S.K.: 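Just dropping this structure here.
Atoms within each ligand, like the ligands themselves, are counted from 1 in listed order. Worth saying up front: this structure is predicted, and the values here are computed from it rather than measured.
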Amino acid sequence: MLQISVGEEKLSNYINGKWVTSTQYKPVFNPANGEVIVKVPQSKAKDVDRAVQYAKEAQREWALVPAPQRAEIMFRIGALMKERKEKLSRLLTLENGKVIEEARGEVQEGIDMAFYMAGEGRRLFGQTTPSELKDKFAMSVRSPVGVVGIITPWNFPIAIATWKSFPAIVAGNTVIWKPATETPLMARELARICDEAGLSKGVLNVVYGAGSEVGEAMVDHEDIRVISFTGSNDVGRNVASKCGQHLKKVSLEMGGKNAVIVMDDANINLAVEGILWSAFGTSGQRCTACSRVIVHQDRKAQLEEQLLKEMENLSIGNGLEESIKVGPIINRSAIEKIKRYIEIGKQEGATLLAGGYELKDRSYEEGNYFVPTLFTNVTPNMTIAQEEIFGPVVSIISVESFEEAIEVNNNVSYGLSSSIFTKDVNQVFAAQRDLDTGIVYVNAGTTGAEIHLPFGGTKGTGNGHRDSGLAALDVFTEWKSVYVDYSGKLQRAQIDTE
Ligand code: UN1
């Protein structure tokens with residue numbers, strides 16, 4: 001078994017290719033046992049400013065490096081990530097808690113993104129199109145935006161960072177990255193890999209610290225031209241309004257209140273598997289997690305019975321043990337938040353079928369473990385059916401028809417992911433049209449997004465942009481339309497067209 005170091009080592013910011021120490025640090029805890037694993041810098045606005053100055057200078061040169069060469073470095077980054085997949089995965093479990101199998105999956109998502117964007121270096125397609133005038137050529141090209149700021153969450157500390165930074169880098173931008181304070185090791189490892197892969201200094205810069213200090217400084221910095229943020233709805237709104245004041249491009253990825261719909265003709269065994277995986281994987285701490293099950297009334301009893309039976313097999317514990325299925329919750333305040341929702345669910349009249357409490361016996365004492373929880377007889381407007389809990393809590397809502405299922409699915413302020421289990425091809429196509437979410441699954445749970453498709457959602461989930469896929473390039477590039485007139489005379493558009 002690969003050893004991972006645990007200690008009180010102090011991490012450094014990574015600015016202009018150098019590791020820079022800080023004056024203030026904060027301890028980072030292993031959610032599985034409460035041990036301090038590392039100390040993370042608490043940087044100030046002036047650290048952000050210093051990083052931006054270097055990034056700005058570096059960007060001028062980086063933008064002139066041919067994109068296929070930028071992409072070759074991206075390919076090396078992917079290769080190094082692949083070589084270190086096991087080490088990265090174990091560190092990820094250490095700091096985030098997710099079970100090792102899922103950690104491997106997340107690291108793979110980052111590797112996939114590296115290779116995908118490495119390929120993009122030889123595309124970055126624009127358009128060529130006829131001009132309305134004679135002897136005139138028209139095209140559109142993508143140009144980098146400049147220095148971009150990325151603010152990433154603790155629940156997918158490496159995958160989401162790659163969704164944002166890799167397209168930005170291949171497109172010729174330089175990056176200031178504020179990782180979540182809870183999960184700083186993935187940022188250090190990724191910076192090390194970029195360094196070893198030969199990424200020019202100043203192209204990727206890591207500045208650790210609080211959102212209220214480092215995040216705010218990034219949002220307010222006039223030389224950061226784009227902010228790409230994944231996190232809570234409250235913070236996202238604040239980021240968006242500040243960016244609005246600065247006329248700064250901002251891409252937001254926020255919460256979800258995702259549902260699995262189980263129709264009367266569904267394969268119930270498959271639906272149960274899909275629900276368990278998407279509701280209790282990562283202990284429900286995914287933006288895409290299933291937190292509502294909308295079931296046709298004729299199958300409700302059967303579904304509940306099978307879910308309850310399978311939930312008994314979900315082993316809870318330290319995610320580094322291969323047999324564990326449900327790892328810890330990230331921290332105490334997340335546990336408290338989940339507990340509050342359990343109380344609200346009970347008060348509002350939902351029936352608690354399983355779980356609903358924190359594990360506190362001797363072997364779990366020091367970690368943050370919450371038992372997978374199932375509520376039923378939930379009505380669509382109850383608080384637990386409306387608000388994001390970000391924990392292993394599922395609410396069952398029963399409906400009488402397909403139309404009602406769609407309506408209940410859409411009756412929330414978020415719109416990230418949705419899923420339907422049915423064998424009826426007509427319902428499949430109607431559902432993919434009518435479900436108001438950025439991601440729709442048919443006969444699979446609500447998680448499992450692949451990196452070459454756009455990731456994001458409607459309504460309160462975002463502000464119209466998408467992470468990953470080709471869509472990410474739209475966030476990190478400006479369109480430039482170029483007209484070349486080779487007629488040798490002045491030709492006026494819309495006028496000299498006869
Ligand atoms: C997130 O929860 O913020 O589809 C990201 C999924 C993962 C990504 C989740 N590939 O669940």
S.K.: Any salt bridge linking Glu196 with Arg76? Criterion: basic side-chain nitrogen under 4.0 Å from a carboxylate oxygen.
M.R.: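 Between Arg76 and Glu196 there is no salt bridge, as every charged N stays at least 4.0 Å from the carboxylate O atoms.
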S.K.: Can you tell me if Lys300 and Ser398 form a side-chain donor-acceptor pair at under 3.5 Å?
M.R.: no
S.K.: Taking both backbone and side-chain atoms of Thr230, is any N or O found less than 3.5 Å from an N or O belonging to ligand 1?
M.R.: no
S.K.: If we ignore angles and hydrogens, is there a donor and acceptor under 3.5 Å between the side chains of Glu348 and Thr383?
M.R.: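 Distance-only check passes for Glu348 and Thr383.
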S.K.: Which of the atoms in ligand 1, numbered in the order shown and given with their element, are less than 4.0 Å from a heavy-atom of Glu109?
M.R.: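 This gives 7 (C), 8 (C), 10 (N) as the contact atoms.
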S.K.: Would you call Ile160 a ligand 1 contact, heavy-atom distance under 4.0 Å?
M.R.: yes
S.K.: With Asp474 as reference, evaluate His465, Arg466, Lys249, Arg142 under the side chain to side chain donor-acceptor pair (under 3.5 Å) test and give the passing residue.
M.R.: Arg142
S.K.: In the protein, what heavy atom is nearest to atom 7 (C) of ligand 1, and what distance, to one decimal place, separates them?
M.R.: Arg286 NH1, 3.5 Å
S.K.: In terms of side-chain geometry, is the basic nitrogen of Lys325 or Glu310 positioned less than 4.0 Å from the acidic oxygen of its partner?
M.R.: no
S.K.: What atoms of ligand 1 come within less than 4.0 Å of a heavy atom belonging to Gly448?
M.R.: 4 (O), 6 (C), 11 (O)
S.K.: Taking the six-membered ring for Trp and the single ring otherwise, decide whether the centroids of Phe390 and Trp154 are under 6.0 Å apart.
M.R.: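 Yes.
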S.K.: Tell me if the NZ atom of Lys26 is crowded by more than 12 foreign heavy atoms within 6.0 Å.
M.R.: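 Atom NZ in Lys26 is not crowded, with 12 or fewer foreign heavy atoms closer than 6.0 Å.
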S.K.: Just distances here: any N/O of Trp163 and N/O of ligand 1 closer than 3.5 Å?
M.R.: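 There is no such contact.
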S.K.: Go through ligand 1 atom by atom and flag the ones less than 4.0 Å from a non-hydrogen atom of Cys287.
M.R.: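 Listed by number with element, the hits are 1 (C), 2 (O), 3 (O).
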S.K.: With a cut-off of 4.0 Å, which atoms of ligand 1 are near a heavy atom of Asn155?
M.R.: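 Near Asn155, the atoms of ligand 1 are 1 (C), 2 (O), 3 (O).
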S.K.: With only distance considered, is Ala449 within less than 3.5 Å of ligand 1 through an N or O on each side?
M.R.: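 Right, the criterion is met.
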